[in-house]
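Remarks on the structure that follows.
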Amino acid sequence: MRTLFAGLVVAVACLTLSSGDVLADDHRQSLQTMALEELLADVGRKSGESFLLDARVPARVVVGPLGKRDVTYPLLLTVLRNNDLAAVRVSGVVSIIPVGEVRNYTLPQANDDGPEMHDDEWVLRLVSVENAPASRLVPFLRPLIAKPGHLVGDDGSGTVIIVATYSVSERIADIIEELDQSYTGQSG
């Protein structure tokens with residue numbers, strides 16, 4: 001009886017796993033993809049941007065329900081983020097790179113919130129703290145930063161350095177301000 005029950009449990013588990021895999025594969029196959037070069041050419045015509053592709057970038061990207069005519073430069077940044085890619089401006093050309101490489105590039109500094117920054121644009125932000133030791137804030141904030149990003153606190157200068165997308169860096173800066181204002185100096 002125990003052997004029959006154990007066999008039934010294993011059979012149900014295998015059936016569940018294989019049907020889940022089929023659903024995941026069906027979902028992936030239903031996602032619309034597009035040639036990245038074609039997408040960049042269209043966005044370049046609309047925005048006036050010039051693009052350079054890193055050799056490690058895939059030829060096709062998932063765009064979901066979007067057609068190439070729907071994609072503006074800010075939306076392109078979102079498509080790139082969703083495909084583990086990033087856009088970084090170097091010498092007037094926008095380089096499309098694997099997102100894991102983003103920290104190796106000079107990023108625009110976004111200390112003043114300005115309309116020229118796009119939500120999914122990678123930036124460097126320096127946030128000053130007055131009350132809390134900058135390094136004490138980092139463990140609370142690190143889970144909010146995606147792996148390609150970076151977060152470090154320098155107690156000497158009272159600065160938290162953030163490498164993230166503009167929208168994430170803005171959110172982190174707001175949280176730092178709240179934490180800094182409520183800091184009481186108690187360890188804990």
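The analysis underlying the following values was restricted to heavy atoms, covering all of them including side chains, and did not include hydrogens, waters or symmetry mates.
The minimum heavy-atom distance linking E116 with E121 is given by the pair O-OE1, 4.0 Å. Between S169 and V123, the closest heavy-atom pair is OG-CG2, 3.5 Å. The shortest heavy-atom contact between W122 and P148 is CH2-CB, 4.0 Å. For M117 against P108, the heavy-atom pair with the smallest separation is CE-CB, 3.9 Å.
Scored by the side chain to side chain contact (heavy atoms under 4.5 Å, CB included) test, I161 finds L124, L126, V152, T159 as partners (sequence neighbours excluded). The side-chain hydrogen bond (donor to acceptor under 3.5 Å, both in side chains) search around D42 returns R45, K46, not counting sequence neighbours. Listed by chain and residue number, R89 satisfy the side-chain hydrogen bond (donor to acceptor under 3.5 Å, both in side chains) test with E49 (two or more places apart in sequence, or in another chain). For the side chain to side chain contact (heavy atoms under 4.5 Å, CB included) test, residues two or more places apart in sequence or in another chain that qualify with D84 are V99. Residues forming a side chain to side chain contact (heavy atoms under 4.5 Å, CB included) with E101 (at least two apart in sequence, or on another chain): R56, I97, P98, N104, Y105. Applying the side-chain hydrogen bond (donor to acceptor under 3.5 Å, both in side chains) rule to R142 yields no partners; only residues at least two apart in sequence or on another chain are considered. Residues passing the salt bridge (Lys or Arg N to Asp or Glu O under 4.0 Å) test with E38 are K68, sequence neighbours excluded.
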For residues 71-80, tabulate all N or O donor-acceptor pairs below 3.5 Å that involve a side-chain atom, not counting sequence neighbours.
unit_1: T72; atom_1: OG1; unit_2: L75; atom_2: N; d: 3.4
unit_1: T78; atom_1: OG1; unit_2: D120; atom_2: OD2; d: 2.5

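Linking Ile, Leu, Val, Met, Phe, Trp and Tyr whenever their side-chain heavy atoms come within less than 4.5 Å leaves L107 and Y166 in two separate clusters. In the hydrophobic cluster analysis, where Ile, Leu, Val, Met, Phe, Trp and Tyr join through side-chain heavy atoms closer than 4.5 angstrom, V57 is grouped together with L39. Linking ILVMFWY side-chain heavy atoms closer than 4.5 Å, directly or via other members, places V43 and L40 in a single hydrophobic cluster. In the hydrophobic clustering of this structure, V90 groups with V102; members are Ile, Leu, Val, Met, Phe, Trp, Tyr whose side-chain heavy atoms approach within less than 4.5 Å, directly or through other members.
Proximity of S128 to D180: side-chain heavy atoms (C-beta onward) are nowhere separated by under 4.5 Å.
Evaluation of the salt bridge (charged side-chain N to carboxylate O under 4.0 Å, His left out) test over residues 156-165, restricted to residues two or more places apart or in two chains, returns none. Within the structure, salt bridge (charged side-chain N to carboxylate O under 4.0 Å, His left out) contacts touching residues 126-135 (residues at least two apart or in different chains) do not occur. Screening residues 143-162 for salt bridge (charged side-chain N to carboxylate O under 4.0 Å, His left out) gives no qualifying pairs among residues at least two apart or on separate chains.
Taking CD1 of I96 as the reference point, atom CG of L53 lies at 6.5 Å (rounded to 0.5 Å). To the nearest 0.5 Å, atom OG of residue S167 and atom CZ of residue R81 are 7.0 Å apart. Here CE of M34 is found 11.0 Å from CG of N83. Values are rounded to the nearest 0.5 Å. Taking CG of N111 as the reference point, atom CZ of R125 lies at 7.0 Å (rounded to 0.5 Å).
At most 12 heavy atoms of other shown residues, nucleotides or ligands fall within 6.0 angstrom of atom CD in E37.
In the hydrophobic clustering (ILVMFWY side chains linked at under 4.5 Å, chained through shared members), V160 is joined by V127, V129, L137, V138, L141, L144, I145, L151, I162, V168, I172, I175, I176, L179.
A donor-acceptor pair is defined here as one N or O able to donate and one able to accept, closer than 3.5 Å; no such pair exists between the side chain of D174 and the backbone of R171.
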